[in-house]
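First the structure, in the form of structure tokens, and then the observations on it.
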Amino acid sequence: MASSSGNDDDLTIPRAAINKMIKETLPNVRVANDARELVVNCCTEFIHLISSEANEICNKSEKKTISPEHVIQALESLGFGSYISEVKEVLQECKTVALKRRKASSRLENLGIPEEELLRQQQELFAKARQQQAELAQQEWLQMQQAAQQAQLAATASASNQAGSSQDEEDDD
Amino acid sequence: QAPTSAPGARLSRLPLARVKALVKADPDVTLAGQEAIFILARAAELFVETIAKDAYCCAQQGKRKTLQRRDLDNAIEAVDEFAFLEGTLD
């Protein structure tokens, strides 16, 4: 996916995601546009802050991959310990889903397991994954709309270029 | 690139692929596990909620109903843990 700015440093969390969170946190509150912009930037900075600290913690351990534990320690050391209990719920959710999947596949190996049960679990997992994909797609859609606008402008420009080059064809039959 | 093995009910409101891209943008970071990304995304959500609420308190003190940028500025200055944000206040 090519980005128009081509620079990793210009990455931020999409505005739409931030707007949604602000709306859910402060329903019925008007928020100025430049305030929203600042929240987007602050959120990005927060992610850099925590991941940088987690990376240092990871380097000090013998591990090569940043683990949830490293992130949790980073939150603690940077004064965000109050987030830890909620953040751990995400981990629990991960384990629950992983456990379900493992149970489902081990059951497959046993005979007499109701296929309906497997099917039901599978559909549950798919529904959840679909929901997240829908959210992602929504945000990508917003970005695509912007890209489409730019493409339209580019198409108009190149159309006027083509009009002048019709002498390229030769009669080579 | 939506991870199909994402946590179920508690989906993050932040796009995980973007969070991952932000983490990887740091040249010092080599590898970050998927679960680490998940919980970082959740932490960032909590951060946004917290700072939005703090800023709203400032707006209320100023008897305004619209949250302005200066409310965020005030919230940032008031909280020690938000000191890292002072560079974004331009």
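- Minimum heavy-atom separation, A/Thr65 to B/Gly33: CG2-N, 3.2 Å.
- Remark: A/Gln138 CD is loosely packed, at most 12 non-hydrogen atoms of other residues, nucleotides or ligands lying under 6.0 Å away.
- Using cut-offs of 30° and 60° for the angle between ring planes, the A/Phe46 and B/Phe84 rings count as tilted.
- The environment of CZ in A/Arg30 is sparse: at most 12 heavy-atom neighbours from other residues, nucleotides or ligands sit within 6.0 Å.
- Taken from CG in B/Leu67 to CG in A/Asp34, the straight-line distance is 10.0 Å, to the nearest 0.5 Å.
- For the set B/Thr30, B/Leu31, B/Ile37, the entry with the most heavy-atom pairs within less than 4.5 Å of chain A is B/Leu31.
- Side-chain heavy atoms closer than 4.5 Å link hydrophobic residues (I, L, V, M, F, W, Y) into clusters, and following such links, even through other members, never connects A/Val40 to A/Leu142.
- Considering only heavy-atom pairs separated by less than 4.5 Å from chain A, the leading option among B/Arg64, B/Glu81, B/Arg18 is B/Arg18.
- Of all non-hydrogen atoms in A/Cys94 and B/Phe38, the two that sit nearest each other are SG-CD1, 3.3 Å.
- If you take NZ on A/Lys20 and CZ on B/Arg13, they are separated by 6.5 Å, rounding to the nearest 0.5 Å.
- Hydrophobic clustering places A/Val87 together with B/Leu40 (ILVMFWY residues linked when any side-chain heavy atoms are closer than 4.5 Å, directly or through intermediates).
- For A/Ser67, the part lying under 4.5 angstrom from a heavy atom of chain B is the backbone only.
- Closest approach of B/Gln68 to A/Ala32, counting heavy atoms only: OE1-CB, 3.5 Å.
- Each of A/Phe126 and A/Val97 belongs to its own hydrophobic cluster when Ile, Leu, Val, Met, Phe, Trp and Tyr are linked at side-chain heavy-atom distances under 4.5 angstrom.
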Original post:
What's the verdict on side chain to side chain contact (heavy atoms under 4.5 Å, CB included) for B/Val19 and A/Ile13, showing C-alpha distance, side-chain angles and the deciding distance?
Top reply: CA-CA 7 Å; B/Val19 174; A/Ile13 294 296; 4.1 Å; yes
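- By the 4.5 Å heavy-atom criterion applied to side chains, B/Val48 and A/Thr25 are not counted as neighbours.
- Minimum interatomic distance between B/Lys65 and A/Val29 (heavy atoms only, all atoms of both residues): O-CG1, 3.8 Å.
- One finds the CG atom of B/Asp26 at 5.5 Å from the OG atom of A/Ser51 (value rounded to the nearest 0.5 Å).
- Closest approach of B/Leu14 to A/Ala17, counting heavy atoms only: CD2-CB, 4.2 Å.
- In this structure, chain B has a heavy atom under 4.5 Å from the side chain of A/Gln139, while its backbone stays farther away.
- Of the listed residues (A/Leu91, A/Thr44, A/Val31), the one with the most heavy-atom contacts under 4.5 Å to chain B is A/Val31.
- No side-chain heavy atom of A/Asn55 sits under 4.5 Å from any side-chain heavy atom of B/Val23.
- To the nearest 0.5 angstrom, A/Glu89 atom CD is 7.0 Å from B/Arg42 atom CZ.
- Between chain B and the residues A/Asn59, A/Asn41, A/Val39, the most heavy-atom pairs under 4.5 angstrom are made by A/Val39.
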Original post:
Would B/Ile76 and A/Cys42 count as a side chain to side chain contact (heavy atoms under 4.5 Å, CB included) if you check the C-alpha gap in whole Å, the side-chain angles of each, and the deciding distance to 0.1 Å?
Top reply: CA-CA 10 Å; B/Ile76 287 170; A/Cys42 288; 4.0 Å; yes
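- Residues A/Phe80 and B/Leu46 have side chains not in contact (no heavy-atom distance under 4.5 Å, counting atoms from C-beta outward).
- For the atom pair CD1 of A/Ile22 and NZ of B/Lys53, the computed distance is 13.0 Å after rounding to the nearest 0.5 Å.
- Contact of A/Glu24 with chain B is made through the side chain alone, with heavy-atom distances under 4.5 Å.
- Residues B/Phe47 and B/Leu16 share a hydrophobic cluster, clusters being chains of Ile/Leu/Val/Met/Phe/Trp/Tyr side chains in contact below 4.5 Å.
- Interatomic distance, A/Leu78 CG to B/Asp80 CG, rounded to the nearest 0.5 Å: 13.0 Å.
- Taking every heavy atom of both residues into account, A/Pro68 and B/Ile39 meet most closely at O-CD1, 3.4 Å.
- When hydrophobic clusters are built by joining Ile, Leu, Val, Met, Phe, Trp and Tyr residues whose side-chain heavy atoms come closer than 4.5 Å, directly or via intermediates, A/Tyr83 is grouped together with B/Leu22.
- In the displayed structure, A/Gln152 atom CD is contacted under 6.0 Å by at most 12 heavy atoms of other residues, nucleotides or ligands.
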